[in-house]
Amino acid sequence: MPLSRAFVDELRAVVGAEHVVTEHEQLRVYECDGLTGHRAVPELVVLPSSTEDVQAVVRACTRESVPFVARGAGTGLSGGATPMAGGVVVSLARMNRILEIDLDSQRMVVEPGVANLDVTRAVAAEGFFYAPDPSSQQVCTIGGNVAENSGGAHCLKYGFTTHHVTGLTFVLPDGDVVELGGKALDPDGPDLLGAIVGSEGTLGVVTRVTLRLVRTPQTIRTLLAGFATMDAAGAAVSGIVAAGVMPSAIEMMDRLTLEAAERAASPGYPAGAGAVLLVELDGVIEQVEDDAAEVERICADCGAFEIRAATSDADRALLWKGRKSAFAAMGRVATDYYVQDGVVPRTRLPEVLRRIEELSEQHGLLVGNVFHAGDGNLHPLVLYDSGAGETERARELAEAILDACLDAGGSLTGEHGVGMDKACSMPRMFSERDLRVFERLRRAFDPTGICNPGKVIPTPRLCGEVPGPYRTHALERIGVAERL
Ligand SMILES: Cc1cc2nc3c(=O)[nH]c(=O)nc-3n(C[C@H](O)[C@H](O)[C@H](O)COP(=O)(O)OP(=O)(O)OC[C@H]3O[C@@H](n4cnc5c(N)ncnc54)[C@H](O)[C@@H]3O)c2cc1C
């Protein structure tokens with residue numbers, strides 16, 4: 001349903017006419033996030049510049065029953081920021097200021113549109129950094145990171161976004177503003193911060209975030225080890241963890257990914273390797289040296305045919321550049337790719353990787369593997385050609401891979417979220433009762449179901465697979481979807 005003229009004028013009055021987008025061609029910029037298979041052109045995009053602006057915008061949306069979705073940089077991979085047709089996108093791009101740096105408390109207060117890497121850049125010279133480091137960190141925003149509870153290579157040692165957020169300013173869907181936490185750890189009362197971090201934009205809009213800063217370690221050592229097979233590299237990962245060594249990162253790439261990354265970024269990975277491990281150690285010099293020697297020994301015992309350490313900051317940056325460009329590098333191998341995101345217990349890695357290989361052969365599609373091996377977070381990249389009618393087969397393969405993760409006792413998302421992509425997969429992991437609890441929590445924040453509807457929580461009729469009594473879905477109530 002088109003938005004009323006009065007509604008559009010109201011938003012223009014709040015944020016300024018130049019910050020309300022209504023032209024179809026401009027709206028198309030917002031039609032999807034990184035999950036490009038799902039698209040919907042929003043009715044309007046609004047770019048607020050303050051908490052008060054956001055408050056006025058969501059109040060107007062609630063009053064008029066217009067669904068809205070918050071958007072950071074749109075790099076999400078699960079369709080979390082995909083708009084609803086007829087709905088509003090609240091882009092936080094203009095709210096990109098660093099508001100306070102408090103090094104005595106090791107805290108920084110930022111607006112949600114600040115890019116992840118800019119947090120570290122602002123304090124690196126003072127000997128601090130912001131630990132959660134998604135590979136998209138040059139562009140993805142802190143607001144998006146909070147919503148997705150994003151991870152990254154170094155979360156193995158330092159923890160995920162949820163461990164680095166101590167306070168939030170949050171606008172509820174009815175326009176009320178709440179302050180949660182602050183600079184201190186562990187505030188009194190129920191853990192509402194914990195509920196909001198990772199809620200994928202379904203509970204309200206984050207407008208200010210207090211982040212924990214970490215001291216830059218005394219030294220960092222980055223090791224690269226080349227193996228003939230994924231099995232051998234997987235055994236080395238298990239060996240490193242079993243030895244009690246705690247690297248800050250253990251990343252693994254398979255042959256296909258290595259070849260693509262080499263062509264894209266020339267990081268100098270070992271030629272002919274079937275798998276490569278990037279292992280990073282940090283801390284005090286003596287400990288790092290001991291641990292590096294132990295890691296080298298374990299990799300050699302597991303059959304590594306090449307082991308080397310980065311010799312300079314530039315060399316280290318290059319090794320990481322290869323890893324961080326791996327997704328994009330797949331564009332050199334196939335016209336389309338789908339990034340799956342599943343978790344398996346670390347000990348089951350080799351077996352699940354073998355199963356992925358079998359599934360890839362059965363479906364006749366290539367799969368590249370690049371992942372956070374230290375915490376068992378797989379990112380199989382299913383390569384396909386939508387122009388050749390392979391989309392459906394790719395989807396089936398991605399789902400079969402997810403089943404393999406769940407069968408191994410894993411989980412359906414590690415860090416990319418459920419969003420629109422996996423809402424219908426939720427019953428594979430959660431019982432009907434679990435889902436009802438999630439729904440009740442959501443309704444406590446958003447009784448009218450107007451905030452990012454259609455994401456995360458499945459409904460029987462929309463997914464067609466959950467038994468039990470029918471409940472009216474939020475999308476139906478606001479007239480965006482109808483029962484078939
Ligand atoms: C090449 C590539 C590599 C990636 N690597 C990683 C990785 O290593 N680790 C990882 O975890 N992810 C990774 N991602 C996924 C993605 O970058 C993260 O999920 C990131 O946190 C999304 O941030 P964004 O600003 O782009 O958010 P968006 O995509 O714009 O939004 C993501 C979700 O956050 C919600 N949201 C955004 N801002 C707010 C706000 N202010 N208040 C409330 N909700 C909000 C949206 O509604 C949506 O549900 C990668 C993506 C790409 C394309």
Side-chain angles (χ1 to χ4, degrees), residues 29-30 32-36 45 48 51 54 58 67-84 87-96 110-118 132-156 160-162 165 168-173 196-209 249 251 264 320 323-331 337 339 341 343 370-372 375 377 379 381 413-421 423 445-446 451-456:
V29 172
Y30 299 87
C32 66
D33 61 5
L35 186 75
T36 54
V45 177
T51 297
V54 173
V58 302
F68 64 88
V69 56
R71 183 179 176 104
T75 66
L77 291 168
S78 55
T82 309
M84 294 66 63
V88 163
V89 170
V90 182
S91 164
L92 283 307
R94 291 173 68 217
M95 294 181 64
N96 60 356
V110 301
E111 291 183 326
V114 168
N116 172 298
L117 193 55
D118 286 345
D133 59 341
S135 299
S136 51
Q137 68 182 149
Q138 300 208 14
V139 288
C140 70
T141 66
I142 291 298
N145 293 176
V146 169
E148 298 289 352
N149 187 19
S150 293
H154 293 84
C155 293
L156 174 63
F160 286 72
T161 301
T162 193
V165 171
L168 288 177
T169 303
F170 194 65
V171 180
L172 293 166
I196 289 168
V197 178
S199 59
E200 303 192 24
T202 61
L203 304 184
V205 183
V206 172
T207 58
R208 196 171 299 156
V209 189
E251 299 286 298
W320 278 111
R323 161 62 185 90
K324 296 202 174 189
S325 63
F327 287 6
M330 284 300 165
Y337 68 86
V339 187
D341 167 46
V343 181
V370 47
F371 56 98
H372 310 308
D375 38 33
N377 185 188
H379 290 319
L381 302 163
T413 169
E415 54 186 18
H416 296 169
V418 175
M420 175 169 258
D421 189 32
F445 284 83
D446 179 23
C451 182
N452 210 5
K455 315 290 171 66
V456 185

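A quick note: this is a predicted structure, and the numbers were derived from the prediction, not measured. Indexing begins at 1, ligand by ligand and atom by atom, following the structure's order.
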> Which class fits the ring pair W320 and H154: parallel under 30°, tilted 30 to 60°, perpendicular over 60°?
Replying inline: tilted
>> Is the contact between N452 and ligand 1 made by the side chain, the backbone, both, or neither, using heavy atoms and a 4.0 Å cut-off?
In response: side chain
> How does V69 reach ligand 1, by side chain, by backbone, by both or by neither, if only non-hydrogen atoms under 4.0 Å count?
Replying inline: side chain
> Among protein heavy atoms, which lies nearest atom 46 (C) of ligand 1, and at what distance?
Replying inline: A70 O, 3.1 Å
> Can any side-chain N or O of N145 pair as donor or acceptor with the backbone N or O of T161 at less than 3.5 Å?
Replying inline: no
> Side chains of H416 and D421: does their closest heavy-atom pair fall under 4.5 Å?
Replying inline: no
>> Could you check whether any side-chain N or O of N377 sits under 3.5 Å from a backbone N or O of H372, counting only pairs where one atom can act as donor and the other as acceptor?
In response: no
> So is D133 polar-close to ligand 1, meaning N/O to N/O under 3.5 Å?
Replying inline: no
> Identify the closest protein heavy atom to atom 27 (O) of ligand 1: which residue and atom is it, and at what distance?
Replying inline: G144 CA, 3.5 Å
> At what distance is the nearest protein heavy atom to atom 22 (C) of ligand 1, and which residue and atom is it?
Replying inline: T75 OG1, 3.4 Å
> So which heavy atom in the protein is nearest atom 8 (O) of ligand 1, and how far is it from that ligand atom?
Replying inline: S135 N, 3.0 Å
> Can you check whether E415 has an N/O within less than 3.5 Å of an N/O in ligand 1?
Replying inline: yes
>> Determine whether a donor-acceptor pair (N or O, by modelled atom type, separation under 3.5 Å) exists between the side chain of N149 and the backbone of V197.
In response: no
> Evaluating non-hydrogen atoms only, which member of N377, T141, V206, V114 is closest to atom 42 (N) of ligand 1?
Replying inline: V206
> What is the closest protein heavy atom to atom 44 (N) of ligand 1, and at what distance does it sit?
Replying inline: G201 CA, 3.5 Å
>> Please classify the E148 to ligand 1 contact at 4.0 Å (heavy-atom distances, strictly less than): side chain, backbone, both or neither.
In response: side chain
> So do the side chains of L381 and V339 get within less than 4.5 Å of each other, counting heavy atoms only?
Replying inline: yes
>> Tell me the protein heavy atom at minimum distance from atom 11 (O) of ligand 1, and give that distance in Å.
In response: G151 N, 3.0 Å
> Near L92, which atoms of ligand 1 are under 4.0 Å from a heavy atom of that residue?
Replying inline: 41 (N)
> Given G74, S199, C140, which one has a non-hydrogen atom that is nearest to atom 23 (O) of ligand 1?
Replying inline: C140
> How far apart are the C-alpha atoms of E200 and K455, what are their side-chain angles, what is the distance that settles it, and do they pass the salt bridge (charged side-chain N to carboxylate O under 4.0 Å, His left out) test?
Replying inline: CA-CA 8 Å; E200 303 192 24; K455 315 290 171 66; over 6 Å; no
> To which protein heavy atom is atom 1 (C) of ligand 1 closest, and what is the distance rounded to 0.1 Å?
Replying inline: F327 CD2, 3.8 Å
>> Against ligand 1, does G204 come closer than 4.0 Å with any heavy atom?
In response: yes
>> If we count only N and O atoms by modelled type, under 3.5 Å, do the side chains of N452 and T202 hold a donor and an acceptor together?
In response: no
>> Checking the N or O distance criterion of under 3.5 Å, is ligand 1 in contact with G72?
In response: yes
> Taking the non-hydrogen atoms of G34, is any one of them nearer than 4.0 angstrom to ligand 1?
Replying inline: no
> Near S150, which atoms of ligand 1 are under 4.0 Å from a heavy atom of that residue?
Replying inline: 11 (O), 18 (C), 19 (O), 20 (C), 21 (O)
>> Using a 3.5 Å distance criterion without hydrogens, assess whether the side chain of Y30 forms a donor-acceptor pair with backbone atoms of P83.
In response: no
>> Just to confirm my output: which protein heavy-atom neighbour is closest to atom 50 (C) of ligand 1, and how far is it?
In response: S136 OG, 3.5 Å
> Relative to ligand 1, is P112 under 4.0 angstrom through side chain, backbone, both or neither, heavy atoms considered?
Replying inline: side chain
> For ligand 1, which atoms sit closer than 4.0 Å to a heavy atom of G80?
Replying inline: 47 (O), 48 (C), 49 (O)
> Is there a donor-acceptor contact under 3.5 Å from the side chain of N96 to the main chain of A115?
Replying inline: no
>> With a heavy-atom distance limit of 4.0 Å, tell me whether K455 approaches ligand 1 through its side chain, its backbone, both, or neither.
In response: neither
